[in-house]
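Count residues from 1 along the sequence. None of the values given here were measured: they were computed from a predicted structure. Side-chain atoms are counted along with the backbone in the values below, which use heavy atoms only and exclude waters and symmetry mates. Read the numbers this way: they start at 1 and go in the same order the structure lists the ligands and their atoms.
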Amino acid sequence: MTQRNDAVRVEELRKTYDGTVTALDGVTAAFANGTFTAVMGPSGSGKSTLLQCAAGLDRPTAGRVFLGGTELTATTDTAITKFRRQRVGFVFQDYNLLPALTVEQNVVLPLRLAGKRTDRRRCRAILGQLGLGDRLNDLPEKLSGGQRQRVAVARALVLEPAVIFADEPTGALDLRSAREVLTLLRAVVHEHGRTVVMVTHDPVAAAYADSVLFLADGRLAGALRAPTADAVAERLAHLGDQVRPAGAVA
Ligand code: ADP
Ligand code: MG
């Protein structure tokens, strides 16, 4: 059952590619409204696949995905796309800004795609809050990596989505820019009440979250609340030690 206060819930999520590669092998997890969760695990453990399936960017092979009260897995691709455009923000490692559009045009785009009125004042207010008020008419190529990622976060926020998924959002940033973006994501949760689910391989980045979910071989391999970078690094180092009986339920 989906709890009322879950922004996202996945049940027994499985994803196989070509019937041979098992990316997700029965993952059940819930992300409560107003929480910041980091997802960690070795390369290839299924982190990106989990995010893509939970965000409605990809379909699981089996299992269920709930966003708010809506079961994404029970609806059509067209309906999922429409729902996603209204209710989900996504931040990618490589920003995914459109190079031919200005900063402001990039941020306005989700409103246009969702068929909403373009509220330029709101877009400018968000960009101003993120320290980009004087870059509205610049093309992305004129911005630093950290600034580009802040534009991407602004774009993810503009529709006031129930949940923002971020896949290695600081993976391409220097330390200072990474700190800025992480502080911003934390404020998105704790000051604006949004829900953020962030994949990262960096224990320091994970320590910005309220809790950490660990994946190994497409299965849940534990969780950590109020994580410190040291505790996360320690847990990561021992992920491989956990021997699971075959067929165990995560
Ligand atoms: P992570 O983000 O933790 O590095 P992924 O979710 O990207 O892991 O990948 C999980 C597994 O699924 C890996 O073995 C990967 O090679 C495989 N995989 C991911 N995407 C595809 C795809 N489009 N086609 C085939 N295999 C894929
Ligand atoms: Mg990945």
Going through the distances and angles, do D174 and S177 end up as a side chain to side chain donor-acceptor pair (under 3.5 Å)?
CA-CA 5 Å; D174 59 67; S177 300; 3.2 Å; yes

Nearest protein heavy atom with distance in Å, relative to atom 18 (N) of ligand 1
Y17 CE1, 3.3 Å

Could you establish whether G41 and ligand 1 come within less than 4.0 Å of each other, counting only heavy atoms on the residue side?
no

Could you list the atoms of ligand 1 found under 4.0 angstrom from a heavy atom of T49?
5 (P), 6 (O), 9 (O)

Identified side chain to side chain donor-acceptor pair (under 3.5 Å) counterpart of K15 within the set T61, T49, D58:
D58

What protein heavy atom lies closest to atom 8 (O) of ligand 1? Include the residue and the distance to one decimal.
G46 N, 3.3 Å

Are Y208 and R179 close enough, and set up right, to give a side-chain contact (heavy atoms from CB on, under 4.5 Å), and what steps lead you there?
CA-CA 9 Å; Y208 280 75; R179 267 207 307 268; 3.3 Å; yes

Taking atom CZ of R64 and atom OG1 of T73, what is their separation to the nearest 0.5 Å?
6.5 Å

Distance-only donor-acceptor check, side chains S48 and D167, under 3.5 Å
yes

Taking 4.0 angstrom as the limit and counting only heavy atoms of S43, give me the atoms of ligand 1 inside it, by number and element.
4 (O)

Considering both backbone and side-chain atoms of D18, is one of its nitrogen or oxygen atoms within less than 3.5 Å of a nitrogen or oxygen in ligand 1?
no

How about CZ on R59, more than 12 heavy atoms from neighbouring residues, nucleotides or ligands closer than 6.0 Å, or not?
yes

Are there protein heavy-atom neighbours of atom 15 (C) of ligand 1 below 4.0 Å?
no

Provide, to 0.1 Å, the distance between atom 10 (C) of ligand 1 and the closest protein heavy atom, together with that atom's residue and name.
G44 O, 3.4 Å

Numbering as shown, the atoms of ligand 1 that approach P42 to under 4.0 Å (heavy-atom distance)
3 (O)

Is atom 26 (N) of ligand 1 close to the protein, meaning a heavy atom under 4.0 Å from it?
yes

Does only the side chain of V21 get under 4.0 Å from ligand 1, or the backbone, or both, or neither? Count heavy atoms.
side chain

Can you tell me if G218 has a non-hydrogen atom under 4.0 Å from ligand 1?
no

Nearest neighbour in protein (non-hydrogen) for atom 3 (O) of ligand 1
K47 NZ, 2.8 Å

Could you tell me whether A23 and ligand 1 have an N or O pair separated by under 3.5 Å?
no

